[in-house]
Student: 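Below are the structure tokens for one structure; questions will follow.
FYI, side chains are in, hydrogens and waters are out, and symmetry mates aren't considered; it's all heavy atoms of this structure. Residue indices begin at 1 and follow the sequence shown.
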Amino acid sequence: MNTQTWHVSITLADDGSDVTARAELADGTHDVSGLGVVPASLHDTTGESPFALAAMRSLQSLTDALSYMADTDRLAATDQV
């Protein structure tokens with residue numbers, strides 16, 4: 001079974017409206033990031049936490065990027081016509 005160790009870090013902007021989630025393979029060969037942005041005024045209009053929503057969006061973006069990266073290795077092995 002192939003296993004790889006990833007380190008994931010999450011960085012919030014001071015106002016919580018901008019969150020970057022970054023995953024880096026332990027051996028340093030891959031570095032992937034996802035960004036989540038939410039208007040800071042969201043809390044005032046909906047009562048939702050912009051911190052939580054931006055963090056969820058950044059993790060979803062990171063998930064999409066990691067899925068794409070996994071597929072590029074598979075697609076690179078196929079003939080492109």
Student: Once rounded to the nearest 0.5 Å, what's the spacing between atom CZ of Arg57 and atom CG of Leu59?
Tutor: 13.0 Å
Student: Please give me the minimum heavy-atom distance between Thr20 and Ser33, naming the atom from each residue.
Tutor: CG2-CB, 4.5 Å
Student: Could you check whether any side-chain heavy atom of Met56 comes within less than 4.5 Å of a side-chain heavy atom of Leu53, counting everything from C-beta outward?
Tutor: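 Side chain of Met56 against side chain of Leu53, heavy atoms only: contact under 4.5 Å found.
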Student: Considering non-hydrogen atoms only, spot the tightest contact between Val19 and Ala55 and give its length.
Tutor: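 Val19 and Ala55 have their closest heavy atoms at CG2-N, 3.7 Å.
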Student: If you compare all heavy atoms of Ser61 against all heavy atoms of Gly34, which two are closest, and at what distance to 0.1 Å?
Tutor: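 Minimum heavy-atom separation between Ser61 and Gly34: OG-CA, 3.3 Å.
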